[in-house]
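Note on naming: letters A, B, ... go to the chains in the order of the sequence lines (proteins, then strands), and numbering restarts at 1 for each one.
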Amino acid sequence: MTRWERSVPVYGIPVLTRGFWGLCLFIAFGLVLTGYREVVGLGASVSGMSDPYAWGLWKTFNVMVLTGLGSGGFAVGIAAWVFNNKKLHSVMRVALLTSALAYWTGLAMLGVDVGRPWNFYWVIMPWQWNVSSPLLEIAVCMSLYASVPLLLENLPPIFEYIIYEFPKWRGVAETCEKLMAKVYPFIIGLAYILPMMHQSSLGALMVLGGKRVNVLWQTPCLPIIYVWAAAFLGYNCVTLCLLLAKLAWKRDLDPVVMAELNKITVYLIYAWTAFRFLDILVRGQILHVFTDGYFSFLFWVETALILGSAYVLSTEKGKKLSTMFNANLLCAVGGMIYRFSPTTLAFSAKGSSFYFPAMAEIIVCVTFIAIAVLGYLVAVKLLAILPGTNADWNKMAKYEEKVKPGIQLTGYAPADH
Amino acid sequence: MAMTRREAFKNLAKGTLPILAAGCVSAVLPQVAHAEEEERLEANPKYHKTDPAKALGLLYDATRCVGCKSCMVACSQYNELTPDTRQDGLHQAPPALNSYTKNIIKLWRSEDGSDHSYFKQQCMHCIDPGCMNACMFGGLQKDEATGVVWWLGSKCVGCRYCEIACPFHIPSFQWDGFNPKIVKCELCRTPMAKDPTKKQPGCTKVCPTNAVIYGTRPELLKEAKKRIADNPGKYYQSKVFGEHEAGGTQVLYLSRVAFDKIGLPDVGEESIPSGLKYSHMAYKWLALPIALYAGMVYFAGKNFKDHSHHLAEEQKETGLRAQL
Amino acid sequence: MAKDANAQDTIAQSLKNAGYSRRDFLQLCTTLVATAPMGLALTEKATPAEVAKAVGKAKKPSVVWLHFQDCTGCSETLLRTSKPDVADLIINLISLDYHETLMVACGQQAEDALNSAVKDNEGKFVLVVEGSIPRKDQGIYMKLGGKPAVDVLKEVGSKAAAIIAIGSCASWGGVPSADPNPTDAVGVDSIITNKPIVNIPGCPPNPYTLLGVVLEFAVFGKLPACDDLKRPKFAYDRVIHDHCPRRAHFDAGRFAETFGSPSHREGWCLFKLGCKGPVTHAGCSTRHFNEIPDCWPIGNGSPCFGCTEKSIAFRVPLFDRVDAHGFTATPPDTYAPINSSIGKFGAGAALLVGLAGGAIGGASWAASQKLASSEETIADEAKSNPGGK
């Protein structure tokens with residue numbers, strides 16, 4: 001039985017594949033469209049947004065939904081480091097990488113979506129903040145999170161890369177790593193509290209939407225439900241990445257860790273669903289669950305996808321890899337729909353106005369997702385991210401030593417302190 | 001190898017230069033922002049609620065409105081806006097409030113066409129505005145003296161959260177162009193400041209039937225209540241819309257037809273920002289986050305120590321460099 | 001007026017004898033059609049030629065015209081037609097048998113003329129009344145040949161086939177009935193109640209309205225459809241506001257502020273200057289006076305004062321604005337609706353979303369199939385290597 005012991009890069013496959021160039025081409029095109037949007041504004045030529053639906057795809061999907069998906073960093077991290085779940089240490093790097101890519105591309109997308117980005121510099125002046133604004137909390141927290149703890153947490157693989165590939169800089173890298181290790185708890189503490197704060201503030205955002213958000217979603221507890229959904233979405237994402245790694249690069253799976261991930265996912269979802277129903281009951285809106293037409297339907301789609309998948313995962317069938325894959329995928333889709341509802345799917349502006357994204361809007365949205373995917377593909381090949389065994393590492397070391405003579409990946413002796 | 005003096009100075013410069021630059025920028029930019037402000041009026045960075053007794057506002061009596069739309073024309077003229085003729089290329093006929101239109105007359109007709117009423121829509125100038133509460137850096141502010149809610153371009157990021165937060169769907173964004181503004185009624189704050197002979201907003205000045213009038217909120221409330229008392233049964237539910245709605249607004253409405261029919265949503269009597277009171281409680285003095293942080297650092301620290309030992313042992317055993 | 005030897009001629013014959021050209025007759029009929037395209041049986045869905053045929057066949061109606069408390073303005077309005085001119089009108093189109101202003105006779109001759117006109121055409125003539133009738137103190141405030149006007153009206157009216165009250169005075173009292181109405185001036189229908197009456201209010205009304213009513217009576221023998229105030233619908237079924245040429249300015253909020261101001265010179269809406277157009281029923285918006293386009297109060301930059309309406313003319317001050325309450329005009333559909341419907345559904349965008357969704361769905365399905373084919377489960381792995389680390 002495979003037990004994961006360390007992270008091992010994907011080797012034997014070049015970075016610059018056809019897929020890589022294809023993605024680059026698409027991204028280049030998307031960036032040109034982004035430039036176009038910067039010049040012409042946010043109007044009908046580039047987006048389907050209008051005054052009744054002032055938030056379109058970019059803010060709500062790339063930022064709110066995808067950072068939910070990219071919450072593995074804090075969700076898995078809290079289980080691994082605060083609750084001392086040793087089994088999850090080996091998957092931390094995947095979780096951190098997905099978080100970093102989701103957040104960085106999400107924030108870049110945010111920069112494209114706002115109409116007057118040159119005024120964002122006020123974020124570094126606390127005396128100018130409007131502290132009662134949920135969006136401020138998000139702006140400050142997300143920026144801080146993405147630029148400090150998330151970045152720092154993702155540095156160790158890069159240090160390692162430098163140590164192995166650039167012996168000249170080994171000293172500097174090792175010093176940095178040592179420094180980080182000294183303050184690591186403080187960094188990761190920040191890396192957990194900040195996402196909890198802003199993921200919940202993402203929920204608080206829509207509280208101000210008032211009656212425009214359908215009653216099945218609108219609740220003062222929206223912050224809690226939102227951050228909780230981010231948690232299980234993070235687990236879904238990590239599980240899917242691991243399964244896809246097995247598929248794409250034939251990486252072996254550690255059944256104990258996978259079972260652990262599934263277990264936590266299932267518990268999170270059961271608790272989440274129970275809380276959500278309780279919230280609806282307490283607010284007296286339980287009838288709407290059946291009588292609200294399109295909104296009831298949407299609610300049941302979410303619940304079925306999420307709860308159904310959780311149930312499947314908790315059974316014996318859920319141990320089958322294909323079932324695990326499907327269940328996690330459908331659960332992620334359900335979770336993403338949930339996060340997308342209060343802002344868009346269950347958001348009714350007055351009258352018969354509606355929102356549908358424009359072509360350019362969709363392409364730019366996918367472009368930033370493609371950038372994250374590209375980053376992921378490059379990172380897992382260059383850096384040690386995906387989990388593997390020590391035997392895998394030795395195999396990799398042999399291969400690399402053949403290909404890059406002079407590199408030393410085994411037989412490590414710590415440098416003198 | 002010890003650092004030479006030259007290297008030391010170089011490093012120092014490298015380190016302090018960015019900080020100096022940031023310092024200069026943050027000192028200069030606000031000045032630039034102030035200078036940029038079109039009106040040389042003082043920005044009030046304090047986000048407070050104006051004294052409702054002194055706040056200025058409007059009273060619109062839908063039973064007096066004849067739908068002549070003079071107010072729309074006057075608004076465009078006072079505020080130097082281009083009339084929105086995009087519907088047919090000829091007439092000023094915007095379908096809704098937008099970046100060209102700060103004030104609009106809408107028409108409600110009954111299903112069978114036998115009844116109709118006009119509705120003048122513009123910013124309600126709430127006493128505790130949702131839009132102002134939502135804006136991150138104070139791009140929307142309430143004038144201390146008059147309570148007028150106005151937009152400050154130098155602070156606005158263009159995130160459009162104010163549009164989500166306003167229950168009356170008022171702020172309009174300039175969707176086209178790379179320097180978009182948020183456009184909404186400001187009770188002619190700028191035109192009246194520029195031209196002291198203008199003593200009231202354009203709409204109230206030109207209204208031929210005095211359907212919309214200008215004054216302090218207490219005066220307008222008194223007038224509205226007087227009209228209700230003098231004409232029992234004429235006004236819908238004998239109520240002044242805005243007296244308590246959304247925590248009280250400075251623009252008040254009287255109507256013969258139900259308010260929700262003519263376009264005033266059922267917003268309840270709580271102000272919009274009060275919906276966030278639980279969130280604000282959780283963040284009071286940042287006590288909860290700090291406590292959670294401390295807790296997590298403690299436990300993570302303990303576990304990290306164990307983990308580091310374990311990693312060091314493994315490293316000795318396998319000869320493979322430990323991964324942080 | 002001397003009795004015409006050919007009084008029993010048809011109108012066509014009479015006009016021909018008088019040398020009235022066919023072209024001029026057609027022009028008159030065209031004007032009639034333009035005046036009353038709807039609501040008048042004579043002109044409804046008819047071409048001028050058809051109208052000419054119908055009118056030509058009719059016998060000239062005998063008309064007796066009585067003046068009471070009037071200013072003669074309604075007679076004056078009749079003179080302001082050119083085709084036909086007043087002579088052709090009163091001699092060849094109708095047979096005007098008694099009219100104090102236009103007839104040559106006076107004194108006893110006039111009395112005789114009236115008596116013989118009434119006697120000879122008893123039960124067949126149309127009585128046109130101009131001016132209000134005073135009732136106070138047994139009607140002594142206006143006498144005709146020593147007889148109170150009330151009595152004259154009752155006498156002559158009882159012998160008429162139909163009565164047309166021309167002008168606001170005859171319709172409801174007009175100027176003499178303004179506060180305090182010292183003579184108790186009233187309109188015809190307050191005195192005569194047993195004869196068909198048509199009111200043609202206005203100060204003065206348009207002459208073609210009268211002509212339309214009279215010719216309709218001559219051709220069909222009955223009066224046109226009227227509203228509950230006895231006003232012919234074809235002329236009084238709309239308010240000035242509905243057809244006003246300046247309506248576009250009202251709708252766009254362009255108002256004349258004061259007389260002589262630039263906005264007034266632009267010809268903008270006169271609502272703010274007190275125009276009563278929105279509450280006044282009359283056809284003046286489309287039928288102007290003196291056969292000259294724009295020759296009517298609003299066209300001349302003077303607000304309408306509601307001369308046809310009893311509750312407005314000579315009661316509501318000239319420059320007082322109309323209360324919205326009284327607005328009966330139907331608003332046009334050019335206003336913004338209460339709820340907007342903004343949003344575009346791009347076919348291309350929908351296609352993209354469909355493609356993206358399809359691509360992801362397809363790839364996921366393929367992935368899960370591949371995983372399924374490996375038939376691995378984590379339970380298997382755990383079972384197969386129970387001793388694993």
Side-chain angles (χ1 to χ4, degrees), chain A residues 1-5 44 47-53 57 240 243-244 246-248 250 252-262 316-330 332-333 349-363 365-366 369 389-391, chain C residues 247-248 250-254 324 327 329-389:
Chain A
M1 175 160 82
T2 317
R3 293 308 320 278
W4 285 331
E5 289 149 332
S47 90
M49 295 189 272
S50 59
D51 287 323
Y53 282 95
L57 204 57
L240 286 170
L243 287 168
L244 284 170
K246 172 177 176 49
L247 206 57
K250 316 266 186 309
D252 289 325
L253 288 176
D254 180 334
V256 176
V257 175
M258 297 304 285
E260 188 66 19
L261 283 170
N262 282 343
E316 275 304 300
K317 254 175 102 200
K319 300 247 176 10
K320 255 181 83 176
L321 289 184
S322 57
T323 316
M324 198 189 299
F325 178 81
N326 287 332
N328 271 292
L329 184 69
L330 290 174
V333 169
K350 250 189 351 166
S352 52
S353 297
F354 68 93
Y355 166 76
F356 196 81
M359 269 205 285
E361 202 176 351
I362 298 171
I363 295 175
C365 164
V366 177
I369 299 175
T389 62
N390 287 334
Chain C
R247 180 64 181 275
F250 175 89
D251 288 337
R254 291 187 287 259
F327 255 62
T330 321
D333 277 331
T334 54
Y335 287 87
I338 294 291
N339 290 323
S340 46
S341 52
I342 299 173
K344 240 182 7 189
F345 186 75
L351 194 68
L352 264 181
V353 171
L355 278 173
I360 295 175
S364 312
W365 185 79
S368 81
Q369 286 299 98
K370 219 164 158 210
L371 279 171
S373 71
S374 74
E375 281 181 17
E376 271 180 63
T377 67
I378 19 178
D380 277 357
E381 277 230 35
K383 278 206 207 98
S384 68
N385 265 315
K389 231 175 15 163

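Remark: the backbone N or O of C:Ser340 is paired with a side-chain donor or acceptor of A:Ser353 at under 3.5 angstrom.
Note that CG of A:Leu244 is 11.0 Å distant from NZ of C:Lys370, once rounded to the nearest 0.5 Å. Between A:Leu247 atom CG and C:Leu371 atom CG the span is 4.5 Å, to the nearest 0.5 Å.
Counting heavy-atom pairs closer than 4.5 Å to chain A, the top-ranked of the candidates C:Gly348, C:Ala367, C:Ser368, C:Pro337 is C:Ser368. Ranked by heavy-atom pairs shorter than 4.5 Å toward chain C, the options A:Ile363, A:Val366, A:Ile362 are led by A:Ile362. Highest contact tally toward chain C, considering only A:Tyr355, A:Phe325, A:Tyr53, is held by A:Phe325 [criterion: heavy-atom pairs under 4.5 Å].
Residue contact with chain C, scored on non-hydrogen atoms closer than 4.5 Å, involves the backbone and the side chain of A:Ala44 alike.
Applying the side chain to side chain donor-acceptor pair (under 3.5 Å) rule to C:Ser364 yields no partners; only residues at least two apart in sequence or on another chain are considered.
Annotation: residues 349-360 of chain C contacts chain A through C:Ala349, C:Ala350, C:Leu352, C:Val353 [non-hydrogen atoms, separation under 4.5 Å].
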